[in-house]
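Quick note on labels: first sequence line is chain A, next is B, and so on, each numbered from 1. Quantities reported herein were computed from a predicted structural model and do not represent experimental measurements.
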2 protein chains.
Amino acid sequence: MTPQKPPATAEKLIDIAESLFAEKGFYGTSIRDLAEGIGIAKSSLLHHFPTKEKLYGAVLKKLADEMTHEVQGIREAFSDEKEQIFAFVQLLCNNSEKKPNRENIILRELLDNPKRAEKAKKWFFVDYFRELTGMIKSGQNQGMFKPVNPEIFILQLLGAHRYLIISLPTVKQFFDATIYQQILTDHRAELESFVKERLINEEGV
Amino acid sequence: MTPQKPPATAEKLIDIAESLFAEKGFYGTSIRDLAEGIGIAKSSLLHHFPTKEKLYGAVLKKLADEMTHEVQGIREAFSDEKEQIFAFVQLLCNNSEKKPNRENIILRELLDNPKRAEKAKKWFFVDYFRELTGMIKSGQNQGMFKPVNPEIFILQLLGAHRYLIISLPTVKQFFDATIYQQILTDHRAELESFVKERLINEEGV
DNA sequence: TTGACTGTCTACCGATCGGTCGGTAGGCTA
DNA sequence: TAGCCTACCGACCGATCGGTAGACAGTCAA
């Protein structure tokens, strides 16, 4: 059913599109740039993806599927919701170092989505979002988590992380003598403290 | 020194540019749209701002000046840093309801700045950022605040807020029966709790 | 009255945009 | 061999991009 050997060109297009859309946004990226980026003609790109929007959608879908799958993996790997949420914080931080494009595209999509959504487009990250809020609700049902609003908590957690990540290239020059890696380490510790104090129920022995 | 009566057209241009750049981004907004938006010819726009970048810069500058001034106002109005930081949280939340364009432009600028900055452009929000981290450091010197990294704390606080705000138009349809205003209220309370638990030192009587 | 200046206009420019078109080379199947 | 399909290409399209040139009207000071 799934094609065993997709001719690689389409995959290469999705990869280059991910990085260029992340860097310059949808309108700031031309299909000429994308085609040249992997050394094919523009019309060849349009053979694989009939419109620029379709290619953009493919990038989002791949990204959303990966992220949803990662969260599902965490939820299956740990039965304890406390372990799940801390594992998710680790995942967030690790991914930002390994795949810095992601946060940019997600932010850009959130900014552009409202007007795109008018054209009856679906939101690719709905499963990802539901998976995360589901994790919170489940922990609350177990009595492990405080009764915060799950959606708000997740958005604040994601925001605290992603905003810092996309700000770093601009802001880091103003960090007093703090080295880059130290910022990421401290940030990770701060996120954990945030989860511990705002979400985890003290077991009170 | 400051022009007593700028002919209003330039101001109208900055206003329409603020909302269109917020909505569609720099590349997604054409100077034709901007000119038509206030009913003048495109070349008339270029009379006031010789390039699109200059107009964009004027928007950023106005925004950054306003925001810096607001924070300075808070710091002068309260001598107690604890009152300052909670007043700032209120300011953040109030402004997002009154001036929703702001958060969009700031986010877009952070995303686009890294490649723009290569062209030796300055960052408009540096004073705003320094004012906020200065507030944290001052509170720490008074012993009122915990010894968190001020830059990281500010970025996480701003991120938790701004990310939620820009996500709302997309995400709100997935809030179970929660009404819009309630989300904003809960969000505000959550931000306050975050500040209280992660920043404020327990005075221990 | 004249001349400089300001704000606005129409007309136009070259470059680039997303997308279409006709066609070709090569592999697979009948 | 014939027919078909996939991947790719260069040439081209109308539309739009940011920006320029020049004309014209109103204002104000010399």
- Message: Need one value for A:Ala41: base, sugar-phosphate or nothing, where a base atom within 4.0 Å counts as base even if backbone is also close, heavy atoms only.
- Response: sugar-phosphate
- Quickly work out the B:Lys52 NZ to D:dT16 P distance and round it to whole Å. 15 Å
- Item | d(CD, A:Glu53; C1', C:dG18) in whole Å | 9 Å
If you restrict it to nitrogen or oxygen atoms, what contacts under 3.5 Å exist between nucleotides 20-26 of chain C and the protein, and what is each distance?
none

- Is a side-chain N or O of A:Ser138 found less than 3.5 angstrom from the main chain of A:Gly134, in a donor-acceptor match? no
- Query: Mind checking whether B:His187 and B:His161 have parallel, tilted or perpendicular rings, split at 30° and 60°?
  - Reply: parallel
- Contacts satisfying salt bridge (Lys or Arg N to Asp or Glu O under 4.0 Å) that involve residues 87-96 of chain A (not counting sequence neighbours) are none
- Report yes or no: is the cationic atom of B:Lys52 (NZ for Lys, CZ for Arg) closer than 6.0 Å to the six-membered ring centre of B:Phe26, at no more than 45° off its axis? yes
- Item | Interatomic distance, A:Glu36 CD vs D:dC8 P [rounded to whole Å] | 16 Å
- Nearest whole angstrom, please: distance from the C1' of D:dT16 to the NZ of B:Lys24. 12 Å
- Task: Mark yes when over 12 heavy atoms from residues, nucleotides or ligands other than A:Lys99 sit less than 6.0 Å from its NZ; otherwise mark no.
- Result: yes
- Using whole Å, report how far CZ of A:Phe49 lies from C1' of D:dA7. 14 Å
- Task: Name every residue in residues 25-35 of chain A that has at least one heavy atom under 4.0 Å from any atom of DNA chain C, in order of residue number, or write none if there are no such residues.
- Result: A:Thr29, A:Ser30, A:Ile31, A:Arg32
- Item | With A:Glu109 via side-chain hydrogen bond (donor to acceptor under 3.5 Å, both in side chains) - residues at least two apart | A:Tyr56, A:Asn113
- Query: Does a side-chain N or O from B:His47 land closer than 4.0 Å to OP1 or OP2 of C:dT8, or not?
  - Reply: no
- Are B:Phe194 and B:Phe153 an aromatic pair by the rule of ring centers under 6.0 Å? yes
- ring pair (Phe, Tyr, Trp, His ring centres under 6.0 Å): pairs with one or both residues in residues 73-102 of chain A, sequence neighbours excluded: none
- Task: Return the set of residues passing ring pair (Phe, Tyr, Trp, His ring centres under 6.0 Å) with B:Phe49 (not counting sequence neighbours), or none when no residue passes.
- Result: none
- Item | C:dG7 phosphate, OP1 or OP2, under 4.0 Å from B:Ser44 side-chain N/O | no
- Under 4.0 angstrom between A:His48 side-chain N/O and D:dC8 OP1 or OP2: yes
- Rounded to whole Å, CG of B:Leu13 lies from P of C:dT8 at a distance of 9 Å
- Item | Side chain of B:Ile40 - closest among D:dC8, C:dC9, C:dG18 | C:dC9
- Interatomic distance where OH belongs to A:Tyr56 and C1' belongs to C:dG18 [whole Å]: 17 Å
